[in-house]
K.L.:
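The structure's right below; bear with me while I get my questions together.
Order of appearance sets the numbers: ligands from 1, and atoms from 1 within every ligand. Just the heavy atoms: all of them, side chains too, but no hydrogens, waters or symmetry mates, feed the values below.
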Amino acid sequence: MSRVRELDPINLTITAEAGCVLARVQDAAAEAGRLLALSLASEGTAQIGGVLSTNAGGNATVRYGNAREQVLGLEVVLPDGRIWNGLRALRKDNAGYDLKHLFIGAEGTLGIITAAVLKLYPAPRESAVAMAAVRDARAALDLLASLQTENAEVVTSFEYLPRIGIEYVIRHAPGTRDPFDRVHGHYVLIELTSAREHAGLRVSLEKVLGAAVEDGRVLDAVFAESAAQAKALWRLREEMSDAQKPEGGSIKNDVSVPVSRVAEFIDTATARIRDELPGVRVVAFGHVGDGNIHFNLSQPVGADKDDFLSRWDHFTGIVNEIVVGLGGSFSAEHGIGRLKRATLEHFRGEVELGLMRRIKRAMDPDDLMNPGRVL
Ligand SMILES: Cc1cc2nc3c(=O)[nH]c(=O)nc-3n(C[C@H](O)[C@H](O)[C@H](O)COP(=O)(O)OP(=O)(O)OC[C@H]3O[C@@H](n4cnc5c(N)ncnc54)[C@H](O)[C@@H]3O)c2cc1C
């Protein structure tokens with residue numbers, strides 16, 4: 001199941017089978033002068049079936065939304081062996097319940113996706129990438145608002161990187177370097193793209209960053225002058241997950257809050273966790289443009305790794321309470337699987353859980369589909 005079945009450049013859709021690797025589908029779209037807007041660090045291995053079943057997000061969610069927003073139609077093998085052919089390539093289709101959304105993000109618990117119709121967009125013809133050192137996380141959010149006021153349609157990525165994350169990357173990812181002459185505490189990586197030629201993206205970015213330098217939100221900025229420089233700046237972000245491994249035990253929290261509350265979340269949770277365990281190294285980074293923070297905790301230097309990791313539930317419990325108190329979610333883009341089933345039970349009320357269980361029972365009464373996951 002690794003065929004691209006159809007590409008319609010006028011309808012702006014591509015129909016791909018579930019076993020297609022995401023990067024290959026992106027390539028097929030690019031060859032036709034189109035863009036598949038789904039992009040994640042794992043795109044070289046992740047397959048369409050997995051990406052849709054996890055409702056993956058990624059670096060362009062701030063502009064295009066999650067996987068769910070890219071899907072127009074699905075073909076699914078149901079638990080009773082029948083095939084649901086919902087491979088419709090329509091932008092408007094209000095004929096009853098929109099069943100595809102049951103399978104997207106269901107982690108394979110309701111059926112097996114075999115193919116999907118995905119949206120395409122005109123391919124970008126201009127881009128501008130910059131990294132800015134910002135005063136703090138609040139200044140980062142103000143900067144995002146300024147960029148969106150200037151030209152919301154072109155803000156494709158807006159990622160937050162803390163100093164500690166940059167240090168980890170420089171230490172552990174060969175060939176990376178700090179693009180600034182001075183050390184700063186907080187950074188954002190910004191990418192603007194446009195399907196128009198001569199869209200003036202660099203000028204827009206300089207204008208917004210210039211104003212932010214004037215009022216102290218931005219302390220310094222570097223612009224990518226070539227594709228190679230853009231790639232080098234992006235590497236600082238993409239290596240951030242792997243660079244945490246050599247630093248010892250790491251407790252992961254993949255959470256989201258409303259974008260306007262990201263700074264409040266980072267400040268509150270950092271203070272609370274540091275009170276609990278002095279010396280813990282908070283590595284809060286990620287897709288703040290869509291409110292998704294990877295709030296990871298590295299063990300204190302020299303601490304016992306197993307002892308630190310044995311407190312996983314305790315620390316994630318503290319973080320999740322803060323997240324939910326701010327109107328957020330304890331699972332932004334990494335799903336539930338087996339690990340977070342109890343957390344789902346704890347935070348989602350009986351009404352919501354009851355509905356989920358009834359849907360599961362109605363569609364998969366014998367619990368054949370990925371048993372033990374999600375519910
Ligand atoms: C380095 C790295 C970076 C990542 N970055 C991001 C990111 O930025 N944003 C993000 O959201 N996620 C990210 N992820 C996680 C990402 O969601 C998954 O890697 C990817 O989407 C899953 O695809 P896969 O083919 O590997 O699926 P698998 O891991 O094989 O499967 C994922 C789940 O989907 C189910 N499944 C798989 N195929 C089907 C099918 N055909 N029908 C029904 N169910 C199916 C599986 O049973 C499983 O529950 C990242 C992962 C890595 C390793």
Side-chain angles (χ1 to χ4, degrees), residues 1-3 16-26 36-71 74-79 83-84 86-87 99-116 118 156-161 169 173 189 191 234-235 237-245 250 252 254-256 285-294 296 329 331-341 360 363-364 367-375:
M1 290 189 289
S2 56
R3 270 188 324 129
E17 295 182 345
C20 288
V21 170
L22 176 57
R24 298 289 79 73
V25 187
Q26 292 169 345
L36 178 72
L38 267 171
S39 168
L40 346 161
S42 59
E43 63 201 19
T45 54
Q47 299 177 348
I48 293 300
V51 169
L52 300 190
S53 297
T54 54
N55 186 27
N59 297 331
T61 304
V62 63
R63 175 151 173 199
Y64 297 103
N66 284 348
R68 187 181 297 287
E69 274 111 321
Q70 310 310 320
V71 181
L74 281 186
E75 179 187 81
V76 180
V77 176
L78 302 174
I83 296 171
W84 172 51
L87 275 184
L99 296 177
K100 61 180 179 286
H101 289 301
L102 280 178
F103 299 98
I104 301 166
E107 301 182 37
T109 57
L110 298 178
I112 298 175
I113 296 171
T114 48
L118 303 166
T156 301
S157 300
F158 192 89
E159 300 284 313
Y160 169 74
L161 316 168
V169 171
L189 180 61
E191 176 152 352
W234 264 109
R235 249 196 101 202
R237 165 66 184 89
E238 281 163 0
E239 296 282 354
M240 203 153 282
S241 296
D242 280 351
Q244 290 166 56
K245 287 179 197 153
S250 173
K252 316 279 186 202
D254 165 50
V255 300
S256 63
F285 69 104
H287 319 297
V288 297
D290 56 60
N292 178 190
I293 309 106
H294 301 307
N296 294 348
S329 170
S331 177
E333 62 177 14
H334 291 168
I336 301 298
R338 279 176 294 195
L339 269 182
K340 293 188 189 162
R341 279 189 318 169
K360 170 73 175 168
M363 295 178 67
D364 182 21
D367 198 19
L368 298 174
M369 297 284 113
N370 232 355
R373 272 70 170 185
V374 183
L375 291 172

K.L.:
For atom 21 (O) of ligand 1, is the nearest protein heavy atom closer than 4.0 Å?
P.N.:
yes

K.L.:
Would you mind listing which atoms of ligand 1 come within a distance below 4.0 Å of any non-hydrogen atom of His287?
P.N.:
8 (O)

K.L.:
Give the residue, atom name and distance (to 0.1 Å) of the protein heavy atom nearest atom 50 (C) of ligand 1.
P.N.:
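Protein heavy atom at minimum distance: Ser42 OG, 3.5 Å.
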
K.L.:
Output yes when a side-chain donor or acceptor of Asp364 lies under 3.5 Å from a complementary backbone atom of Leu368, and no otherwise.
P.N.:
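Yes; at least one donor-acceptor contact below 3.5 Å.
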
K.L.:
How far is atom 8 (O) of ligand 1 from its nearest protein heavy atom, and which residue and atom name does that atom have?
P.N.:
Gly58 CA, 3.4 Å

K.L.:
Measure the shortest side-chain to side-chain distance between Glu333 and His287 over non-hydrogen atoms and say whether it is less than 4.5 angstrom.
P.N.:
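SC-SC contact between Glu333 and His287 confirmed.
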
K.L.:
Check ligand 1 against Glu333 and write out every atom of the ligand that is under 4.0 Å from a heavy-atom position of the residue.
P.N.:
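By the 4.0 Å cutoff, the relevant atoms are 7 (C), 8 (O), 9 (N), 10 (C), 11 (O).
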
K.L.:
Near Val51, which atoms of ligand 1 are under 4.0 Å from a heavy atom of that residue?
P.N.:
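Those of ligand 1 that fall under 4.0 Å from Val51 are 21 (O), 23 (O).
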
K.L.:
Out of Gly19, Ala56, Gly286, Gly105, indicate the one that has the non-hydrogen atom closest to atom 12 (N) of ligand 1.
P.N.:
Ala56

K.L.:
Suppose we measure from atom 27 (O) of ligand 1 to each protein heavy atom; which comes out shortest, and what is that distance?
P.N.:
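Atom 27 (O) of ligand 1 sits closest to the protein heavy atom Gly50 CA, 3.4 Å.
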
K.L.:
Within the side chain of Ser331, is there an N or O that forms a donor-acceptor pair under 3.5 Å with the backbone of Gly335?
P.N.:
yes

K.L.:
Identify the closest protein heavy atom to atom 3 (C) of ligand 1: which residue and atom is it, and at what distance?
P.N.:
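For atom 3 (C) of ligand 1, the nearest protein heavy atom comes out as Ala41 CB, 3.5 Å.
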
K.L.:
Around atom CZ of Arg68, are there more than 12 heavy atoms of other residues, nucleotides or ligands at under 6.0 Å?
P.N.:
yes

K.L.:
Out of Asn55, Asn370, Thr61, who is nearest to atom 49 (O) of ligand 1 when you count heavy atoms only?
P.N.:
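Among Asn55, Asn370, Thr61, the closest heavy atom to atom 49 (O) of ligand 1 belongs to Asn370.
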
K.L.:
Do you know which two heavy atoms are closest between Asp254 and His334, and how far apart they sit?
P.N.:
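In terms of heavy atoms, the two residues are closest at OD2-N, 2.8 Å.
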
K.L.:
Can you see which heavy atom on Gly111 is nearest to which on Met369, and at what distance?
P.N.:
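That would be CA-SD, 3.6 Å.
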
K.L.:
Provide the number and element of each atom of ligand 1 under 4.0 Å from a heavy atom of Ala46.
P.N.:
20 (C), 23 (O), 24 (P), 25 (O), 26 (O)

K.L.:
For Thr109 and Val374, which heavy atoms make the closest approach, and how far apart are they?
P.N.:
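For Thr109 versus Val374, the nearest heavy atoms are CG2-CG2, 3.9 Å.
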
K.L.:
Please identify which atoms of ligand 1 are closer than 4.0 Å to at least one heavy atom of Ile113.
P.N.:
40 (C), 41 (N), 42 (N), 43 (C)

K.L.:
State plainly whether the residues Arg237 and Glu159 are in salt-bridge range, i.e. N to O under 4.0 Å.
P.N.:
yes

K.L.:
Taking a cutoff of less than 4.0 Å between a non-hydrogen atom of the residue and any ligand atom, is Met369 in contact with ligand 1?
P.N.:
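Met369 does not count as a contact of ligand 1 under the 4.0 Å cut-off.
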
K.L.:
Using a 3.5 Å distance criterion without hydrogens, assess whether the side chain of Asn370 forms a donor-acceptor pair with backbone atoms of Glu107.
P.N.:
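Yes, because the side chain of Asn370 sits within donor-acceptor range (under 3.5 Å) of the backbone of Glu107.
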
K.L.:
For atom 13 (C) of ligand 1, what's the nearest protein heavy atom and its distance?
P.N.:
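Ranking protein heavy atoms by distance from atom 13 (C) of ligand 1, first comes Leu40 CD1, 4.1 Å.
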
K.L.:
Ignoring hydrogens and angles, tell me if any N or O in the side chain of Glu75 forms a donor-acceptor pair with the backbone of Ala18 under 3.5 Å.
P.N.:
no

K.L.:
Is atom 29 (O) of ligand 1 close to the protein, meaning a heavy atom under 4.0 Å from it?
P.N.:
no

K.L.:
Considering only heavy atoms of Gly57, which atoms of ligand 1 have at least one such atom less than 4.0 Å away?
P.N.:
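Near Gly57, meaning under 4.0 Å from one of its heavy atoms, ligand 1 has 9 (N), 10 (C), 11 (O).
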
K.L.:
Considering both backbone and side-chain atoms of Thr54, is one of its nitrogen or oxygen atoms within less than 3.5 Å of a nitrogen or oxygen in ligand 1?
P.N.:
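Between Thr54 and ligand 1 (N or O atoms, distance only) the closest approach is under 3.5 Å.
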
K.L.:
I'd like to check which ligand 1 atoms, numbered from 1 as shown, lie under 4.0 Å from a non-hydrogen atom of Gly108.
P.N.:
43 (C), 44 (N)

K.L.:
Does any N or O atom in Thr45 lie less than 3.5 angstrom from one in ligand 1, N or O only?
P.N.:
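By distance alone, the answer is no.
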
K.L.:
Could you tell me the residue and atom name of the protein heavy atom closest to atom 25 (O) of ligand 1, and the distance to it rounded to 0.1 Å?
P.N.:
Gln47 N, 2.7 Å

K.L.:
Hey, does the side chain of Ser157 reach the backbone of Asn59 with a donor-acceptor pair shorter than 3.5 angstrom?
P.N.:
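Side chain of Ser157 to backbone of Asn59, a donor-acceptor pair under 3.5 Å: yes, one is there.
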
K.L.:
Any non-hydrogen atom of Gly111 lying under 4.0 Å from ligand 1?
P.N.:
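Heavy atoms of Gly111 do come under 4.0 Å of ligand 1.
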
K.L.:
Ignoring hydrogens, what is the shortest heavy-atom contact between Ala67 and Asn55? Give both atom names and the distance.
P.N.:
N-OD1, 3.4 Å

K.L.:
Taking atom CG as the centre, does Leu99 end up with more than 12 heavy-atom neighbours from other residues, nucleotides or ligands that are less than 6.0 angstrom away?
P.N.:
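Yes.
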
K.L.:
Using a 4.0 Å cutoff against the non-hydrogen atoms of Ser53, which atoms of ligand 1 qualify?
P.N.:
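Taking each heavy atom of Ser53 in turn, ligand 1 has 34 (O), 35 (C), 36 (N), 39 (C), 40 (C), 42 (N), 43 (C), 44 (N), 45 (C) under 4.0 Å.
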
